[in-house]
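Chain naming here is simple, since letters A, B, ... match the order of the sequence lines and numbering starts at 1 in each.
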Amino acid sequence: MTTDTGWFEGVDPDDLDARDAIENGTAESPAAWPDRAVESGFAEDEDDYYDKLREATIETAREAVAERERADDQQLVHAVRAMDDCERTANELAERVAEWGGSRISETGGGVAFAREIADREPDSDLDEQLRALAEQVVSLDERATELRTSIERFAPEVAPNLASMAGPVLAARLIALSGGLKQLARSTSGTVQVLGAEDALFAHLRGNAPSPKHGVIYTHEYVRGTDPDHRGSAARALAGKLTLAARVDYYSGERRPELEAELDDRIETIRTRGESE
Amino acid sequence: MSLPEGVQRRSFDGQESLATRGPQVSEEPIVDGWRRWDPDRSKVGAMFEHGLDHGLDGGERVLYLGAASGTTASHVADFAGPTYAVEFAPRPTRDLIEVAADRERLFPLLKDARKPETYAHVVEPVEVVIQDVATRGQAEVALANRQFLERDGRLLMAIKARSEDVTADPEAVFEDVCETLESSYEILDRARLEPYHDDHLGLIATPRQ
């Protein structure tokens, strides 16, 4: 006979605050827990035991799932920030490499492509080797950024399927990062989402020295960037509205709602056609 | 092959299909209270369609490993007794919880099927273990969970060849898995699950005494 204890031991049958017991408890082997629970007075009979088990497992799973998913959105935030850091640093270092490289070899160029050329050259002095190694770092950072992007593209749809599908995985990750998490994004107003990433412009506007920003980071979305400037404000408002809804569905239910995207497509179509007819 | 009590062949739009009685889960058609059980979306459904010797009567206690979003687990809970549903990934578990909330005796557990000690304090010995975990080491999962099966219990297992090795010949993978299983299970019946599921083997076994 096993000396293991069941999940219910130490749990108050009237309160059923059993999350810790179910999540963190262990046993070497299973036992006839329903019988034991009845013997110990935790449950009146088998049916009563199963009713209690049902309540406890559903409640525990609900809380554990919510917690795990919250943790996942933070992983996405780290990944997108790391990707941005890699890109920014690669570009900064690439400038240095271009400047230095231009002084040593006849060819000139810029950016990561030029750094890649330098990295492949045979060094003929100590300083040449320093330059080559620096160029190699640029290439390696650029590759890291690309790989981080690939991971984000795979991971964002798991964390926020509707948002990732509508915004694209990288923009979805940025919006989550700018709000501080999926929960915060889900609780934002559509107006806030519209100007996320344009905080400087927004505060300048609030101080009274600038027009209100029409869009923040959602500018990168084709529906804003690809819309005629006169109608960009409307497009940004429509997009922000649906993105906010998508984030809420992702946070509160998690099910796919493709109709949200279809509604957005229609709305943008209308805004753009309005532009043409004027 | 007879079906367990609570599973029937019913007509849906003129087409015969497996069905169970219970609350609707997704958009599956319901006729006279019977929900269509789609073998394309369920490996256990495909095993029944292939007439595997499952040995189920209905009403059994079940441990379901790899319950995913609960599509199959819902049908199982419709005809079985208390059903413990283990799933490791949070996203599908969220759907599984909703399926469980509509049923009286389906218990969702956010646990790793490779670590039975983390749920042995909740799960009682059962008459049936259903396993559909798409991870490497499917045979090891079955061995680790044998302790939950009663003496004459049944293991219904769907083996996904590509989870073990994407490049290997599926038949070779199945042979490997079966060989490992035979150390503590007696295999009673097996069949490939095509056309419903490519590169899957359905298998029925009972613990060796």
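- No part of E87(B) comes within reach of chain A, as not one of its non-hydrogen atoms sits under 4.5 angstrom from that chain.
- Side-chain contact of T20(B) with D78(B): a donor-acceptor pair under 3.5 Å is present, judged by distance alone.
- In terms of heavy-atom pairs under 4.5 Å with chain B, the best-connected choice from G6(A), A21(A), G25(A) is G25(A).
- The shortest heavy-atom contact between A113(B) and V133(B) is CB-CG1, 4.2 Å.
- A56(A) does not touch chain B: none of its heavy atoms, backbone or side chain, sits under 4.5 Å away.
- Comparing N24(A), T60(A), D47(A) by how many heavy-atom pairs each has under 4.5 Å with chain B, the most go to D47(A).
- Figure legend: cation-pi geometry between R94(B) and Y251(A) absent, as NZ or CZ is not positioned both under 6.0 Å from the six-membered ring centre and within 45° of its axis.
- In this structure, chain A has a heavy atom under 4.5 Å from the side chain of K111(B), while its backbone stays farther away.
- For D35(A), no part lies near chain B; criterion is any non-hydrogen pair under 4.5 Å.
- Ion pairing of R154(B) with E127(B) is absent here, as no side-chain N (NZ or NE/NH1/NH2) approaches a carboxylate O to less than 4.0 Å.
- In this structure a side-chain-to-backbone donor-acceptor pair under 3.5 Å is missing from E28(A) to E117(B).
- Interface check for chain A: of the options V122(B), T93(B), V126(B), the most heavy-atom pairs under 4.5 Å are formed by V122(B).
- Under 3.5 Å, the side chains of Q131(B) and Q138(B) contain no donor-acceptor pair of N or O atoms.
- For a residue to count as touching a neighbouring chain, one of its non-hydrogen atoms must lie under 4.5 Å from one of that chain's; by this rule D250(A) touches chain B with the backbone only.
- In this structure, chain A has no heavy atom under 4.5 Å from any part of Y119(B).
- Between the side chain of T57(A) and the backbone N or O of R54(A) there is at least one donor-acceptor pair closer than 3.5 Å.
- Using a 4.5 Å cut-off between heavy atoms, P82(B) touches chain A through its side chain atoms alone.
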